[in-house]
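Data block below; observations after.
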Amino acid sequence: MRATLPLHHLILFLLLHPTQSQGPPNGYTCSTDRTIYPCRTYAVYRATPPNLLDLAPISDLFGVSRTMISDPSNIAFPNATLVPDQLVLVPLTCSCTSNHSYSNTSYKILPGDTFYILSTTKFQNLTTYQDIELVNPTLDPTNLSIGADVVVPVFCQCPEKSLTSSGVSHLLTYQLRPSDTNASVVASRFRADLRTMVSINARKLVPFSTVLIPVTRIPTLPGTNNSGSSSPTASGGGSGKDGVVVGLSIGLGVVGMVLLVGLLWLLCFFGRRRRRGYGEEGSDVKRRRAGGVGGGGLSMLEENKFMADITDCLDCST
């Protein structure tokens, strides 16, 4: 009796032991339908310590603004502090160059840079040093001048019309990690259709190589703090905007309570002084009615004024 493999084992086997190759040894070949180029797509990038824990150096590396990364990555603030290994989406303009599907990124050589370091460390294997050499034929890889302009070809691909007709909007460029041993887990992480992902990645996939993730919409990246924070430390839960609203509400409530208590204290204080003054005035009136100080008692006008003051005091005290 012939044994059968579970579906996820079979798919993983096809990913790791394909029956056909796709594209050049490194990267992807252009589609035969050149009308799909150029297109906007995204590369999945990881925040790594110590220098890549905010969006500024990542945006400088790819030549885009921080907002262009924070918006699709569901990060509330462009100046947010990232957590180690946090995933962000970097926008790419994918084009066809010499039958290779690349997003060409400009970069200036810094001290200590080599094509290998660029490909493996700074661009996190989203390209290879061979591809960098290929698109920079006038540069000597063994003698790079500091400040020299280099074109870094980041791997990408535009979805063909057969994919877009089925709802696929983007093909994300994702670098496989050694822990990515199950294709179904990788697909579910980005809410991608597993069979579609297998069909468009029909070449041998190994750790640190790239895979195209077909998505119908920009995914909410999993397992990271994407809420963002305007403070040096990223918040642990909820959105940054919600935190600001809650903080303002609490602060305004405290201020309002203090003002209310102070107003009540002032009303009570002046009310007591006013009642005390009216009491002294009433004693003086009694003495004057009895023929005390001043002799002849109150006039009609003084009595009317006194009664009006008493009425006002009673109204105030109530």
Side-chain angles (χ1 to χ4, degrees), residues 38-95 102-110 113 117-127 149-156 158 169-175 177 189-192 210 213 215-252:
C39 70
R40 170 58 61 88
T41 186
Y42 297 90
V44 182
Y45 196 82
R46 295 177 184 270
T48 54
N51 300 322
L52 294 173
L53 291 181
D54 62 79
L55 296 181
I58 301 175
S59 64
D60 291 343
L61 181 65
F62 287 88
V64 297
S65 68
R66 286 180 290 179
T67 304
M68 294 174 68
I69 301 176
S70 63
D71 287 349
S73 303
N74 195 32
I75 298 175
F77 298 99
N79 61 340
T81 299
L82 308 178
V83 297
D85 220 32
Q86 178 170 345
L87 302 181
V88 297
L89 292 176
V90 179
L92 304 175
T93 300
C94 194
S95 303
Y102 292 139
S103 176
N104 294 321
T105 303
S106 298
Y107 179 85
K108 286 187 178 295
I109 294 296
L110 299 176
D113 279 342
I117 289 176
L118 286 183
S119 63
T120 59
T121 303
K122 294 189 175 181
F123 285 88
Q124 299 182 355
N125 292 294
L126 296 172
T127 187
D149 292 322
V150 176
V151 175
V152 179
V154 178
F155 298 155
C156 64
C158 298
S169 60
H170 298 87
L171 297 176
L172 307 181
T173 304
Y174 174 73
Q175 177 212 22
R177 307 283 284 187
R189 183 179 303 159
F190 297 94
R191 297 184 179 180
T210 59
I213 309 292
V215 296
T216 57
R217 59 185 178 86
I218 303 301
T220 300
L221 298 179
T224 57
N225 172 29
N226 289 322
S227 62
S229 173
S230 58
S231 63
T233 304
S235 60
S239 68
K241 293 181 180 178
D242 292 341
V244 172
V245 172
V246 172
L248 287 175
S249 300
I250 295 175
L252 291 176

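The first residue of the sequence shown is numbered 1, and numbering continues consecutively from there.
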Sorted by chain and number, sequence neighbours left out, side chain to side chain donor-acceptor pair (under 3.5 Å) with Asp71 holds for none
Ignoring hydrogens and angles, tell me if any N or O in the side chain of [X] forms a donor-acceptor pair with the backbone of [Y] under 3.5 Å.
X      : Y      : value
Thr121 : Leu118 : no
Ser70  : Phe77  : no
Ser169 : Val215 : yes
Ser119 : Asn125 : no

Check the pair Arg66 / Met68 against side-chain contact (heavy atoms from CB on, under 4.5 Å), numbers first and verdict last. CA-CA 5 Å; Arg66 286 180 290 179; Met68 294 174 68; over 6 Å; no
Around atom CZ of Arg191, are there more than 12 heavy atoms from other residues, nucleotides or ligands closer than 6.0 Å? no
Is the shortest distance from a Lys or Arg side-chain nitrogen in Asp113 or Lys122 to a carboxylate oxygen in the other one below 4.0 Å? yes
Partners passing side-chain contact (heavy atoms from CB on, under 4.5 Å) against Ser95 (at least two apart in sequence or in another chain): Pro38, Thr93
Spacing of Arg46 atom CZ and Arg177 atom CZ [to the nearest 0.5 Å]: 4.5 Å
Close aromatic pair by centroid cut-off 6.0 Å: Tyr45 and Phe123: no
Run the numbers on Tyr42 and Thr173 for side-chain contact (heavy atoms from CB on, under 4.5 Å), then give the verdict. CA-CA 6 Å; Tyr42 297 90; Thr173 304; over 6 Å; no
Residues 53-65 vs salt bridge (charged side-chain N to carboxylate O under 4.0 Å, His left out), sequence neighbours excluded, gives none
For a side-chain contact (heavy atoms from CB on, under 4.5 Å) with Val154, tell me which candidate from Thr210, Leu92, Val90 qualifies. Leu92
